[in-house]
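The first residue of the sequence shown is numbered 1, and numbering continues consecutively from there. Predicted model only: the values in this text are computed from it and were never measured. Indexing begins at 1, ligand by ligand and atom by atom, following the structure's order.
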Amino acid sequence: MPIPNCKKTYCILILLFFGYAVLNAQTYGKNGMVVSSDLGSSEVGIAILKKGGNAIDAAIGTAFSLAVTHPSAGNIGGGGFIVFMNSEGNTTTIDFREKAPLAATNDMYLDPAGNLIDGSNHTSAMSIGVPGTVAGLYLAHQKYGKLPWAAIVQPAIDQAKNGFAFNWSLYRAAAYFSKEGNTNAFMDGYFRNDKGVLLQPEENWKQAELAKTLTLIRDKGRDGFYKGKTAKKIAAFMKKNNGIITKKDLAKYEAIERKPIKGSYKGYDIYSMPPPSSGGVALVEMMNLMELADFKTLEFNSAGHLHLVAEAMRRAFADRAEHLGDPDFNLNMPLDKLTSKSFAKKRFQEIDMARASVSDSAQFGRLYDSESTTHLSTIDKDGNAVSLTYTLEYSYGSQMGSNELGFIFNNEMGDFNPQPGITKSNGQIGSAPNLVAPEKRMLSSMTPTIVGKNGKPYLVIGSPGGRTIINTVFQTVLNVLEFNMPIDKAIEALKIHHQWLPDQIIYEKYLLSPDTRKALEAKGHILKERYNMGALMGITYDAEKGIFVGASDSAQPDSGAVGY
Ligand code: GLY
């Protein structure tokens, strides 16, 4: 594209604009597609596909790469979920959510009087769950991968060892953690070169210790993390920092293959993550409700449309708070009922299209889960598709790590209900299904999802965003299936969020008109604005034409869809 004569500042702005437009608009492919929070990591995934790898190989390679390029959420020190649909339409999931250590108790965040020590479940080494990512990626590869494990891990080692261009997101974090008054020596040192100098944008960033940890994983697989040198160093780090994770916790950790949550919407099949994620159940509950609506009278972004969407969210989040937790500890969760069409019918009849319902603060509240997670979607030439979301919980997790290991630990224990029996209107939940227990997995909102059409993947989608994940994925799925939006428009369109409590609709600023705001307020909704929600990474697949369309959310400027 010729650049018109312009002053330097304007040129840069134009280049930035078109640069982002190229990164975030639709990308096409017929042999494969990878979409992730880092363009370079998406390219790693594509290179794996080009070598003959399948969608699982590409997802694993991209995930390891994001642990290098996108360490605020890309990780080997956290956990997550995979939804995998093969080319015959058979779908499964891999649960690699972190677990509470063996020494964890349900009162570990309380003072002697039984009160929650404010923030204690999200800070210090006590907030770290036993990481699951390496075990999950290894299990996915063992069961469904094609290329040798070493070939998939190697590109991330190369990126860590040889370095890559330090981007602006990383620089922003570096500036934050190095500013005066910062007391976190690990995070301050994390973004410095080997001479101790803070990295600058576009400078080459090498991570020698992370490369060594990844090399052990390459050579020994799962055991390269959960046993031997790495496990010994993790256990020593925990002991030194008053954490409770031991070598035994690490050796015992297992990822699990689980049956997906399955729903449907007007002929499409929806596959998403079952508990310990709440995402799949809530998504299917809400899509079932939407199926009963008459969209001829509910235009996109009208007050009626948004009211119905918010009321669906309110109900799904109330059910989430009441019923959901780790399925290995909650054997009788009413999953079939919650995801049934008959339950949706009953729920739909309760909704008053003229008035907002009232959330009952005496019973349900707000979980403190954070928004820093990351999602990637892959698809290969045979139509195998992967939807993978993983997280450290907060941005840069616990913000703790060992210089000898080169990676950051999660603070995922904060996703448990911290105070048994105490549910407060200010936002704390105390219901039993998600209380801390040894070896239990904390409830998640991650919603990696694949929508199928005639036994083939049709839409692969997911997002970061704490509890907003469920709702941003829900609205994006609805945008594609009901409003026929192309994937990039579906991702960028207005999103709202209601999570039962606080009883309010959060909406993306600039995308909701003042008139619609007034109409929603007239129905009794309290509205709160916010700049952005989520960072969706999606692919649609036209199986008849054999064309993939990928798009990444402009909310994540370093993200990218790469197809070929
Ligand atoms: N830590 C965010 C989630 O799992 O939902």
Quiz prompt | Distance flag, aromatic centroids of Phe225 and Phe407, threshold under 6.0 Å | solution = yes

Quiz prompt | Aromatic contact, Phe317 with His498 (centres under 6.0 Å) | solution = no

Practice problem: Closest by any non-hydrogen atom to atom 2 (C) of ligand 1: pick that one out of Arg467, Glu393, Arg97. | Solution: Glu393

Quiz prompt | Atom NZ of Lys247 with >12 non-hydrogen neighbours under 6.0 angstrom | solution = no

Self-check item: Polar atom proximity, Thr373 to ligand 1 (N or O, under 3.5 Å)
Solution: no

Under a 4.0 angstrom heavy-atom cut-off, which atoms of ligand 1 come close to [X]?
{"X": "Glu412", "answer": "1 (N), 2 (C), 4 (O)"}
{"X": "Ser444", "answer": "3 (C), 4 (O), 5 (O)"}
{"X": "Met446", "answer": "4 (O), 5 (O)"}

Quiz item: Taking NZ, NE, NH1 and NH2 as the nitrogens, is one of them in Asp326 or Lys440 under 4.0 Å from a carboxylate oxygen of the other?
Solution: no

Practice problem: Give a yes or no on whether the backbone of Asp269 and the side-chain of Ser264 come within a donor-acceptor separation of less than 3.5 Å. | Solution: no

Self-check item: Location of contacts on Met442 toward ligand 1, heavy atoms closer than 4.0 Å
Solution: neither

